[in-house]
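Taking it in order: structure first as structure tokens, then the write-up.
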There are 2 protein chains.
Amino acid sequence: MARGDEGRRSGRVTIREVAEDAGVSVAAVSKVLRDAYGVSDALRAKVRASMDKLGYRPLASARGMRGQTYTLGLVLPDLRNPFFADIMTGVNNALERTQYQVMMGISSSSSKLETGVVESMIDRQMDGIILIGSTESRESLNTIAEKKPLVTIGHHDPSAEDFDTVNNNDQQGALLAVRHMVAAGYSKIAMLSLQGEPSSILAEREMGYRRGMIEAGLGGTINIASATQVMRDVQFAARRLLQGPRRPDAIFCWTDFIALEVISVATELGLRVPEDVGIVGYDNTMYCDFAQNSLTSIDQSGELLGLQATRLVIERINGRTAVEHFVVPPRLVARRSTSR
Amino acid sequence: MARGDEGRRSGRVTIREVAEDAGVSVAAVSKVLRDAYGVSDALRAKVRASMDKLGYRPLASARGMRGQTYTLGLVLPDLRNPFFADIMTGVNNALERTQYQVMMGISSSSSKLETGVVESMIDRQMDGIILIGSTESRESLNTIAEKKPLVTIGHHDPSAEDFDTVNNNDQQGALLAVRHMVAAGYSKIAMLSLQGEPSSILAEREMGYRRGMIEAGLGGTINIASATQVMRDVQFAARRLLQGPRRPDAIFCWTDFIALEVISVATELGLRVPEDVGIVGYDNTMYCDFAQNSLTSIDQSGELLGLQATRLVIERINGRTAVEHFVVPPRLVARRSTSR
DNA sequence: TGAAAAACGTAGAACGATACACGTAGAACA
DNA sequence: TGTTCTACGTGTATCGTTCTACGTTTTTCA
């Protein structure tokens, strides 16, 4: 209702009122707001005092009309994986002393939905966009980067020119996992990957797995299964692996909660972990650490990834055009699921 | 940089261009956009065609200046608890066929940060706000509700007049948990609650626990411990409970992942679950269902909560002023952690 | 002391969409 | 044929902020 809306909006202090209260021009207040050049300390103090006194808060819509909204868009694939909480912690730390805010959107690991979310973020004038675990093509990403500063986390494209990337070295992470399993005495090592729209992280992890297997002289038993994120699919794939003719004695899973489900299936089939089958996950989320789970996993420093991505996107907003690709080394955290 | 920004913005199709292309007035296009009264089918079709042809997308900032932004703000306490994914699913389902989008913010279970996030959402002209697990006072919530349509999830205040609430019956949930434990043969039942800013959900769950204990004639052994969400605190509290003089033979935990940590601590202390100590969680998140966790929990239909909250906030946006309080009954899901 | 440069302040035109107040064509009715 | 409705379409002021272009004051330096 127009009337209700009017009532709701009224009471909001505008830049004009602040200017009047401080006895300066509207533009001067705007300069203080934006930390722009050409403001004396005295004037700044006067304006700040008025803003505090009146409880002034700039309206993002109005700012967006000509300038920035001071809002960053963060797109994540889903809310079920607690790994993203680590990234978010890093993002928030990076934003601590700035006037930027984050708004999150969920792509549900679907590139169609992801496109929708990103477009809606562009419509809402996000100053920059951080895309986690994107499944979009280089061209799509370039199209986005044309419109807004863009940084991806978990998307390998070291030759991308128009947007920055932040990654852990997924290939090395998978390699660490395989080496660890080999060292623990496992030899028939399978990998459980993600089925669906191709993702560069998965490609890297699969490549690392292959390299690890070949390096250990196990090239002949390379065995990559895959399943969607739906639990029924995961169970089905795990059963097929564990009941098939080439039953593996260890499984490297692309992410932790898949690994936990695989442990469940193995237990139901009467297999002991780690004696009969070793399991390794990825992301080292908090659930790995519970005594009853105790899952060996690869840590990729989510907090650092979030921090760096935020730094990069703000640099882009401030005018950097040279591309930057940040990579952090992974680290294996051994737990009971591979300790035989 | 101004130049870069200009380049970024250029190329965006405005309502004026659509109007010109369709050979109608700007206001007519606006009406089509808003499904407003006074547009013939022929005109609507013509305008829609032009919008598609030119790839027009309305700019939220500009819309926000006078009308709506068609954006809903959703504030959640943290990203670690997969329960919120269920709520989000419900929200997205409810928004499926509308032109609304959701933007999420994180309050980190701190009422100071929550205030900041909510204010920033008001600055960004969210049409309505859904607050999950708020720790704010009635007055603060009323202040928000004065400015924007507000619905809370997980905040009990059945006499609130200015905003709607959506809840499961937490008191009954806790009661179900205690009854289940008593029926399973446990008698020294403790509760592990959340330490920190007082929350009405916790108050309800504690009350349900008390009622259940008294009902079973165990009023004399009521024992409520509490810990923050930090894992070290949880471990400390769990150890103190399990090593203390009045060692309980069952613990009801306020949320699942706390329960999982308590199982870990119990295991480390050489106690068997469920034989020596029974454990019940709350929320029935996916991690309960893993064979090695197998945690008995209370299900509160997160998806339904999200759906209803979204329905209510949109009704408010469309002018409803009468308050509505929605409550869904909880359901106990028994698993191995209490089956002795 | 004077000229040039630096440091500030100001007015007012954008930005894109909305919604109000009007204007008008056509239908319905007598 | 004239009158009254209804169902639309149109022009434009307006929202709150940014930012350019310009004007004024102060500082610097030879």
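In what follows, every chain begins at residue 1, and chains take the letters A, B, ... in the order their sequences are listed.
Taking only side-chain nitrogens and oxygens, B:Ser30 never comes nearer than 4.0 Å to OP1 or OP2 of C:dA17. In terms of phosphate contacts, A:Tyr70 brings no side-chain nitrogen or oxygen within less than 4.0 Å of OP1 or OP2 of D:dT17. The phosphate of C:dG9 (OP1 or OP2) has a side-chain N or O of A:Ser40 nearer than 4.0 angstrom.
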So which protein nitrogen or oxygen atoms get under 3.5 Å of nucleotides 10-12 of chain D's nitrogens or oxygens?
| residue | atom | partner | partner atom | Å |
| --- | --- | --- | --- | --- |
| D:dT10 | OP2 | B:Ser25 | N | 3.0 |
| D:dT10 | OP2 | B:Ser25 | OG | 3.4 |

Identify each atom pair where a protein N or O and an N or O of nucleotides 23-25 of chain C are less than 3.5 Å apart, giving names and distance.
none

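Distance, A:Gln68 CD to D:dT17 C1': 13 Å, rounded to whole Å. Between B:Arg34 atom CZ and D:dG9 atom C1' the separation is 13 Å, expressed in whole Å. Here the P atom of nucleotide C:dA14 and the CE atom of A:Met65 are 13 Å apart, to the nearest Å. Between B:Arg66 atom CZ and D:dT17 atom C1' there is a gap of 16 Å when expressed in whole angstrom units. In this structure, CZ of A:Arg124 is placed 13 Å from P of C:dA17, rounded to the nearest angstrom. Atom CG in B:Leu59 sits roughly 14 Å away from atom C1' in D:dT17 (whole-Å rounding). Whole-Å rounding puts the A:Glu17 CD to D:dC15 P distance at 12 Å. Spacing between atom CG of A:Asp123 and atom P of C:dA17 amounts to 10 Å, rounded to whole angstrom units.
Of the candidates B:Asn142, B:Leu131, B:Val313, B:Leu150 forms a side chain to side chain contact (heavy atoms under 4.5 Å, CB included) with just one, namely B:Leu131.
Of the possible donor and acceptor atoms, none in the side chain of A:Arg57 sits under 3.5 Å from a partner among the backbone N and O of A:Thr14.
Between A:Ser140 and A:Ser137, the side chains place a donor N or O and an acceptor N or O closer than 3.5 Å (distance only, hydrogens not considered). In this model, a donor atom of one side chain and an acceptor atom of the other lie less than 3.5 Å apart for A:Arg34 and A:Ser30. No side-chain donor from either of B:Thr165 and B:His155 sits under 3.5 Å from a side-chain acceptor of the other. In the model, A:Glu197 has a side-chain atom that pairs as donor or acceptor with a side-chain atom of A:Ser111 under 3.5 Å. Checking A:Gln125 against A:Thr71 by side-chain atom types alone, no donor-acceptor pair falls below 3.5 Å. Side-chain polar atoms of B:Ser159 and B:Arg138 form a donor-acceptor pair below 3.5 angstrom.
In this view, B:Tyr70 and B:Tyr100 satisfy the ring pair (Phe, Tyr, Trp, His ring centres under 6.0 Å) rule, not counting sequence neighbours.
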